[in-house]
Amino acid sequence: MRLNKYIAESGYCSRRKADELIAQGRVTINKHVAILGTSVEDSDIVRVDGEKIKIDTDYEYYLFYKPKNVICTNSDKFGRTLAVDYIKSKKRLFTYGRLDYLTEGIIIVSNDGDTYNRVMHPRKELYKTYIARLDRPMQDRDLIRLEKGILIDGKKTAPAKIKKIDEMEIKVSIYEGKNRQIRKMFENLHYDVKDLKRVTIGNFKVGNMKPGEYRKLTDEEIEYMKKL
């Protein structure tokens, strides 16, 4: 098994992050610094920053309503609250994708790295829906621009599904996951997003969940993810 996949399936992080850790020389195999593209055998001892890791196939899956002022990483040098801290589990969990610090809404949390890579790959076109509250009324011409895709950070976004709830509240569905994408899309059109909430991820919906609440996924929901 490739080393980056091994690290991801251990639940430590995603494959992309694993490649970064390997490139930084923070991963060892049998006490030797690993290199990108290395394969791992069952008998090998893999460590990240000195911590021994292994694949745990006893997976847990949760839907979590992330409150504002909570971050979707597994550590923070500023001591801010982590999303995974809310969930009572002995597993090393991580979030499927991220919501920025000021955005609330649902997120999937698990220790299943292989399913993470299937769910989060852009080719899956898994739509996420957000409700954005703006600082001023939304112009119809700007709705059309968002639907067609606009430039942010030098690249054009994929077409979005847009619905006006009222003059200052807009529902946006996208399948991309660029950093702060929703906020940047509106900022590009000179709107300030006052509040932002994610209410769906594919077939997962916020329902009656409140910030800070979480629940285990049902067997049917887990099967849905694995078939994506």
Side-chain angles (χ1 to χ4, degrees), residues 7-18 51 53-121 124 126-133 171-183 193-228:
I7 295 172
E9 291 196 13
S10 76
Y12 191 89
C13 62
S14 68
R15 288 192 200 184
R16 181 180 296 179
K17 181 61 177 179
E51 177 186 346
I53 63 171
K54 63 179 181 179
I55 295 177
D56 180 2
T57 57
D58 183 15
Y59 297 131
E60 296 180 357
Y61 306 87
Y62 301 93
L63 189 67
F64 172 57
Y65 190 138
K66 186 191 89 66
K68 293 180 181 178
N69 304 325
V70 171
I71 63 171
C72 294
T73 60
N74 282 59
S75 63
D76 181 57
K77 63 182 179 180
F78 301 109
R80 292 174 293 184
T81 303
L82 310 179
V84 293
D85 289 341
Y86 279 82
I87 298 176
K88 296 179 180 178
S89 172
K90 295 182 179 180
K91 303 293 184 181
R92 187 186 186 97
L93 303 172
F94 58 96
T95 57
Y96 280 33
R98 297 183 179 183
L99 288 176
D100 69 53
Y101 187 61
L102 295 177
T103 300
E104 65 180 83
I106 57 172
I107 194 161
I108 298 168
V109 181
S110 178
N111 60 329
D112 182 352
D114 192 50
T115 298
Y116 170 93
N117 287 296
R118 290 201 303 273
V119 171
M120 298 309 298
H121 199 286
K124 298 298 182 181
L126 184 69
Y127 275 90
K128 282 85 66 178
T129 301
Y130 301 77
I131 304 296
R133 189 73 183 173
K171 180 185 288 187
V172 184
S173 296
I174 60 173
Y175 63 81
E176 296 176 299
K178 295 181 175 65
N179 181 42
R180 299 183 70 252
Q181 180 171 339
I182 297 292
R183 293 182 185 276
V193 177
K194 309 303 292 184
D195 289 291
L196 186 62
K197 177 170 68 174
R198 182 156 71 193
V199 294
T200 75
I201 304 172
N203 287 350
F204 298 104
K205 298 180 180 180
V206 65
N208 295 322
M209 295 180 72
K210 295 179 173 56
E213 292 183 346
Y214 68 92
R215 65 171 178 81
K216 287 186 175 182
L217 298 190
T218 65
D219 290 342
E220 290 78 12
E221 288 172 331
I222 295 169
E223 188 67 17
Y224 158 73
M225 277 204 308
K226 291 181 177 293
K227 288 182 176 180
L228 288 172

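Within the 4.5 Å cutoff, the side chain of L93 has heavy atoms near those of the Y62 side chain. The side-chain heavy atoms of L217 and M225, taken from C-beta on, include a pair separated by under 4.5 Å. Taking the side chain as every heavy atom from C-beta outward, L126 and I201 approach each other to under 4.5 Å. A 4.5 Å side-chain heavy-atom check between V109 and Y214 finds every atom pair outside the cut-off. Counting heavy atoms from C-beta on, the side chains of D58 and K91 come closer than 4.5 Å. In this structure, L99 and Y130 have side chains that are in contact, with non-hydrogen atoms separated by less than 4.5 Å.
Counting heavy atoms of neighbouring residues, nucleotides and ligands inside a 6.0 Å radius, atom NZ of K226 exceeds 12 of them. Within a 6.0 Å sphere centred on CZ of R98, other residues, nucleotides and ligands contribute 12 heavy atoms or fewer.
Nearest heavy atoms, K197 versus Y65: CD-OH, 3.0 Å. Among all heavy-atom pairs drawn from C72 and T95, the shortest one is O-OG1, 3.4 Å. Looking at every heavy atom in both residues, I106 comes nearest to K205 through CD1-C, 4.0 Å. Contact between S75 and I71 at its shortest, heavy atoms only, is O-CD1, 4.2 Å. Contact between Y61 and S110 at its shortest, heavy atoms only, is CD2-OG, 3.3 Å. For the residue pair G212 and P67, the shortest heavy atom distance occurs at N-CG, 3.5 Å.
In this structure, the side chain of Y127 does not engage the main chain of T200 through any donor-acceptor pair within 3.5 Å. The main-chain N or O of R92 is never found under 3.5 Å from a side-chain atom of N111 such that the two would form a donor-acceptor pair. For the pair Y224 (side chain) and N203 (backbone), a donor-acceptor distance under 3.5 Å is present. A distance-only check finds no donor-acceptor pair linking the side chain of R215 to the backbone of L63 [under 3.5 Å].
Here L82 contributes atom CG and N74 contributes atom CG; the two are 7.0 Å apart, rounded to the nearest 0.5 Å. Within the model, atoms NZ of K210 and CD of E104 stand 12.0 Å from one another, a figure rounded to the nearest 0.5 Å. Here CZ of R15 is found 11.5 Å from CD1 of I7. Values are rounded to the nearest 0.5 Å. The distance from atom CD1 of I182 to atom OG of S173, rounded to the nearest 0.5 Å, is 8.5 Å. Note that CD1 of I107 is 12.5 Å distant from CZ of F204, once rounded to the nearest 0.5 Å.
Screening D100, D195, T103 for a side-chain hydrogen bond (donor to acceptor under 3.5 Å, both in side chains) with K68, the sole residue that qualifies is D195.
The salt bridge (charged side-chain N to carboxylate O under 4.0 Å, His left out) search around D76 returns R80, not counting sequence neighbours. By the ring-ring contact (aromatic ring centres under 6.0 Å, His included) test, F64 pairs with Y86, sequence neighbours left out.
Y96 and F94 have parallel rings, their planes meeting at less than 30° on a 0 to 90° scale where 60° marks the start of perpendicular.
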Tell me, with the steps shown, if E60 and I87 meet side-chain contact (heavy atoms from CB on, under 4.5 Å).
CA-CA 11 Å; E60 296 180 357; I87 298 176; 5.7 Å; no
Evaluate E213 against N208 for side-chain contact (heavy atoms from CB on, under 4.5 Å), listing each step before the verdict.
CA-CA 10 Å; E213 292 183 346; N208 295 322; over 6 Å; no
